[in-house]
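Just below is one structure, and these are the notes that go with it.
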Amino acid sequence: MADDSQQESMKIITERAQQLVENISSVAARVKATAGERPIRLVAVSKLKPASDILALHNPSTASLPGFGHLHFGENYQQELLEKSRLLPKTVKWHFIGQLQTNKCRPLAEQIPNLWCVESVDTTRKADQLEKGRANLLASAAEAKLRVFVQVNTSGEESKSGCEPSEAADLSKHILEKCPHLHLQGLMTIGAIARSKATSEDNPNEDFITLRQTRDRVAETIGIDKEVLELSMGMSEDFEGAIREGSTEVRVGSTIFGERPPKKDAKIKEDPQETRK
Ligand SMILES: *Cc1c(COP(=O)(O)O)cnc(C)c1O
């Protein structure tokens, strides 16, 4: 009896892993078809999805699938990221892409050595707190600088985080000059949902154009080559349109992992009893 149920749940896990590998492969193929030879980083956005889903893509040998070894995963909630980072291999490269609270920046940068970047920096105070956290971590180990993206509110919606496009250069300058343990990786935007749904080959997305123009202005103001600054833009609905506007990194969640559960129902560790239902 115990054996049967164990096998049953393993089988479900294998099927799930196979599905995930298929989904991400198909997204990767669409990225490549749009970008050609230009390298694009694909961040698999795993928020509210169980750790086993991440492991299936990062280390599929656990599900007896040929190696896929996906590295970059995005999370939106601080506590969830902390828990997942403790459970999962240190080889995962985590991206924090959610809304940042100033008082949570320091522990985030300090407690997760394999936090690869924070994409949602929109004030100098948040940058300063991340700087302090990473400085503490680096004092004890030879880790890399923490990469950060300046999040820009390109759509002007009040509900969206991000600094104004006109503020991006000052914030970028602050990071470069005042935060020696941070590395300015580029700019990030989410954009308006309506625009993202309307994005097509004939109808380029204004948010992506605004982010690219903002990046060009920032580069000019701080006196660096604009190609050095990345553009993190594009999600499930609109990543191909974003790549056409110059995105270097897309963040794709539901097309890989399926629809997300409401936050209150999300589970980091899946209960096998539940899985079998
Ligand atoms: C959730 C989220 C994504 C992924 O969204 P999908 O539409 O599921 O692909 C990307 N970026 C940010 C900032 C997000 O919060």
Side-chain angles (χ1 to χ4, degrees), residues 19-20 22-31 34 40-50 53-54 57 70-81 84 92-101 104-105 108 115-123 126 130 147-163 168 185-200 205 207-208 210-211 214 230-243 245 247-266 268:
Q19 185 66 57
L20 291 171
E22 232 172 82
N23 293 351
I24 202 171
S25 303
S26 121
V27 170
R30 285 169 60 192
V31 166
T34 313
I40 307 283
R41 186 181 308 112
L42 170 57
V43 177
V45 176
S46 44
K47 64 181 175 225
L48 306 178
K49 292 291 176 176
D53 274 4
I54 299 170
L57 291 176
H70 193 74
L71 292 175
H72 292 270
F73 291 89
E75 289 287 339
N76 281 58
Y77 307 105
Q78 185 127 357
Q79 191 53 35
E80 184 178 349
L81 173 56
K84 284 176 170 172
V92 169
K93 296 177 193 287
W94 293 110
H95 293 236
F96 187 80
I97 62 175
Q99 205 166 353
L100 273 177
Q101 288 165 272
K104 302 265 178 72
C105 284
L108 188 69
L115 180 63
W116 197 82
C117 75
V118 174
E119 305 212 8
S120 36
V121 179
D122 55 4
T123 66
K126 293 178 193 178
L130 289 169
R147 298 165 190 81
V148 293
F149 286 81
V150 167
Q151 183 175 352
V152 182
N153 183 346
T154 52
S155 57
E157 294 164 290
E158 255 178 60
S159 60
K160 290 265 154 58
S161 325
C163 66
Q185 190 79 10
L187 305 188
M188 181 275 237
T189 188
I190 296 179
I193 291 173
R195 286 184 193 151
S196 109
K197 288 202 194 298
T199 301
S200 70
N205 184 312
D207 286 307
F208 301 154
T210 301
L211 193 70
T214 305
E230 288 198 31
L231 294 173
S232 172
M233 55 190 199
M235 325 203 309
S236 285
E237 290 278 345
D238 56 16
F239 67 86
E240 284 146 320
I243 292 170
E245 296 308 326
S247 173
T248 62
E249 178 188 277
V250 294
R251 312 176 307 267
V252 179
S254 40
T255 303
I256 297 171
F257 296 101
E259 292 302 314
R260 287 177 284 271
K263 195 171 180 217
K264 65 174 177 46
D265 297 336
I268 290 177

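Just the heavy atoms: all of them, side chains too, but no hydrogens, waters or symmetry mates, feed the values below. Numbering of ligands and ligand atoms starts at 1, following listing order. For the single chain, residues carry numbers from 1 onward in sequence order.
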Original post:
Do Gln185 and Cys117 touch side chain to side chain, with heavy atoms closer than 4.5 Å?
Top reply: no
Out of all atoms in ligand 1, which are within 4.0 Å of some heavy atom of [X]? Include the element for each.
X: Asn76; value: 14 (C), 15 (O)
X: Val252; value: 9 (O)
X: Ile190; value: 13 (C)

Original post:
Taking the six-membered ring for Trp, are His95 and His72 parallel (under 30°), tilted (30 to 60°) or perpendicular (over 60°)?
Top reply: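 Taking His72 first and then His95, their aromatic rings stand perpendicular (interplane angle over 60°).
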Original post:
So, Glu119 and Arg147, do they make that salt bridge, N to O below 4.0 Å?
Top reply: no
Original post:
Between the side chains of Thr255 and Ser236, does any donor sit under 3.5 Å from an acceptor?
Top reply: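 Side-chain D/A pair, Thr255 to Ser236: present.
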Subject >> Residue pair Gln151 / Thr189, side-chain donor-acceptor N/O under 3.5 Å >> reply: no
**OP:** Decide whether the shortest distance between a heavy atom of Arg260 and an atom of ligand 1 is less than 4.0 Å.
**Re:** yes
Original post:
Has ligand 1 got any nitrogen or oxygen that is less than 3.5 angstrom from a nitrogen or oxygen of Gly253?
Top reply: yes
Original post:
Which residue holds the protein heavy atom closest to atom 9 (O) of ligand 1, what is that atom called, and what is the gap in Å?
Top reply: Ser236 OG, 2.6 Å
Original post:
In terms of residue, atom name and distance, what is the protein heavy atom nearest to atom 12 (C) of ligand 1?
Top reply: Ile97 CD1, 3.5 Å
**OP:** Determine, stepwise, if the pair Ser155 / Arg195 fulfils side chain to side chain donor-acceptor pair (under 3.5 Å).
**Re:** CA-CA 9 Å; Ser155 57; Arg195 286 184 193 151; 5.4 Å; no
Subject >> Selected option - heavy-atom contact closest to atom 14 (C) of ligand 1, from Lys47, Met235, Arg251, Glu75 >> reply: Lys47
